[in-house]
Amino acid sequence: MPFSTAASSTVALEHQHIQLFPTSPTNPRTFSDVRDSEEAAQSIALRMITNACTVDGIRIGIHYSKEDDSDCFRLVASHISTCLPLSPYLFIIATTSVSPTIAGSDACVSDALVICGSDEDDMQRAVLLASSKFPGRVDAVNSKGTLIAQAASIRQIGSSTYHEAALWDILFNSVHTHNPHSPPPGSRSIDQILSDARAKLERMTPQQAYDALHDPIYPVPVFLVDIRPAAERDREGEIHGSLIVERNVLEWRFDPRCEVRLTIADRYDSKIILFCREGCTSSLAAASLHELGLLNATDIVGGYDAWIAAGLPCQ
């Protein structure tokens with residue numbers, strides 16, 4: 001993932017380590033520090049742009065203020081829009097509570113949270129994520145007819161260290177979207193999964209499986225295991241001498257460490273030969289047994305259909 005920053009601190013988001021500029025709300029800059037709110041808004045906008053992180057080509061950043069003035073925050077959003085007319089961005093401007101309650105009242109303080117961005121969909125995702133990150137604490141959401149900013153009232157937004165990480169997570173996940181029609185990075189097709197599974201196996205032809213099963217001097221115990229569902233066995237028949245262990249319980253029946261294992265599953269070197277109808281499910285199942293340490297597990301190429309085609313005995 002492309003990423004750049006002028007940052008100094010680190011926050012982990014979704015197993016990604018992102019360098020962030022310090023945004024601790026302990027000494028945030030306020031609008032009262034500058035006499036002219038227009039000048040203050042422009043200054044904050046420029047600082048946010050300068051210190052922004054870049055995720056997937058989109059600038060993201062957070063600014064905290066002790067003053068709850070959503071109109072001034074919108075002015076900041078307007079300046080950012082003016083400075084970045086062609087660049088994608090998503091920023092959050094948030095107030096931090098000075099007191100958990102309003103003086104003389106049991107009501108909690110509702111802090112302003114303004115989300116501004118170049119893309120309305122990004123902002124909508126951010127608003128929805130904010131609602132999920134702060135359940136039961138979002139009092140209102142108001143766009144006021146502008147496409148560059150969304151405002152929300154959230155109770156005590158700066159009251160814990162969790163909030164900063166949560167806000168960065170909102171930004172990151174709002175801009176880091178995945179095309180639902182493209183495979184996610186690291187995923188594999190079923191053909192790849194099957195190929196990888198078979199790379200672990202010494203697969204056997206039906207004749208080799210038959211010979212191993214009937215070899216009195218085979219060096220380890222040999223088991224021919226039918227993992228097909230009952231409906232297939234009833235419809236197509238069975239192989240004499242095979243064990244019936246359906247796929248959904250296979251690992252539990254053959255793991256020597258499992259309390260519900262078969263009595264014969266007491267060693268790790270047994271030759272376990274699986275078969276399904278065509279030899280695909282059995283390959284995946286055999287690879288799963290390898291994960292349990294049963295490294296002699298394998299399957300029949302072509303499955304039960306190939307066994308019948310080879311003219312080997314069945315019942």
Side-chain angles (χ1 to χ4, degrees), residues 1-5 7 11-21 23 25 44-45 48-49 51-65 70 73-96 110-158 160-187:
M1 173 190 306
F3 178 78
S4 64
T5 182
V11 172
L13 300 176
E14 298 289 332
H15 307 296
Q16 303 282 341
H17 284 81
I18 299 183
Q19 298 296 320
L20 308 176
F21 61 91
T23 56
I44 292 172
M48 292 182 70
I49 292 171
N51 293 329
C53 306
T54 302
V55 175
D56 290 352
I58 301 175
R59 301 186 196 214
I60 62 173
I62 301 173
H63 173 77
Y64 290 99
S65 172
S70 59
F73 294 164
R74 290 173 182 280
L75 193 56
V76 173
S78 179
H79 280 295
I80 293 174
S81 177
T82 300
C83 294
L84 299 174
L86 300 177
S87 299
Y89 64 89
L90 186 67
F91 292 108
I92 288 177
I93 310 167
T95 59
T96 58
S110 289
D111 301 308
L113 181 75
V114 173
I115 300 168
C116 59
S118 57
D119 184 86
E120 188 174 8
D121 288 340
D122 289 348
M123 289 192 293
Q124 291 292 342
R125 278 192 292 269
V127 168
L128 292 174
L129 286 171
S131 297
S132 66
K133 292 288 184 182
F134 305 102
R137 291 165 56 190
V138 179
D139 293 330
V141 176
N142 192 344
S143 64
K144 290 189 178 180
T146 177
L147 295 182
I148 64 169
Q150 291 268 347
S153 296
I154 302 178
R155 292 191 292 277
Q156 296 173 265
I157 190 67
S160 77
T161 55
Y162 161 81
H163 294 154
E164 182 172 6
L167 292 177
W168 280 109
D169 192 58
I170 289 169
L171 288 175
F172 179 83
N173 285 292
S174 296
V175 301
H176 186 63
T177 57
H178 178 73
N179 182 350
H181 301 293
S182 299
S187 64

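Each residue takes its place number in the sequence, starting with 1. Because the structure is predicted, anything quoted here is derived from the model rather than measured.
With values rounded to the nearest 0.5 angstrom, Met123 atom CE is found 12.0 Å from Ile92 atom CD1. Distance check: Ile115 CD1 to Ile62 CD1 gives 10.0 Å after rounding to the nearest 0.5 Å.
The nearest pair of heavy atoms linking Gly57 to Pro88 is O-CG, 3.3 Å. Residues Leu84 and Phe91 share a closest heavy-atom pair of CD1-CE1, 4.3 Å.
In terms of the side chain to side chain contact (heavy atoms under 4.5 Å, CB included) criterion, residue partners of Ala45 (sequence neighbours excluded) are, by chain and number, Val76, His79, Ile80. Not counting sequence neighbours, the partners of Ser132 by the side chain to side chain contact (heavy atoms under 4.5 Å, CB included) test are Leu129.
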> side-chain contact (heavy atoms from CB on, under 4.5 Å) between Leu90 and Asp119: does it pass, once the steps are laid out?
Replying inline: CA-CA 8 Å; Leu90 186 67; Asp119 184 86; over 6 Å; no
Would you sort out whether Leu167 and Ile170 count as a side-chain contact (heavy atoms from CB on, under 4.5 Å), showing the intermediate values? CA-CA 5 Å; Leu167 292 177; Ile170 289 169; 4.1 Å; yes
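Using modelled atom types, no side-chain atom of Arg59 and backbone atom of Tyr89 make a donor-acceptor pair closer than 3.5 Å. Panel note: side chain Ser81, backbone Ala77; no donor-acceptor pair is recorded below 3.5 Å.
Exactly one of Asp56, Ile58, Thr54 qualifies for a side-chain contact (heavy atoms from CB on, under 4.5 Å) with Val175. That residue is Ile58.
Ile60 is listed as a side-chain neighbour of Trp168, based on a closest heavy-atom distance under 4.5 Å.
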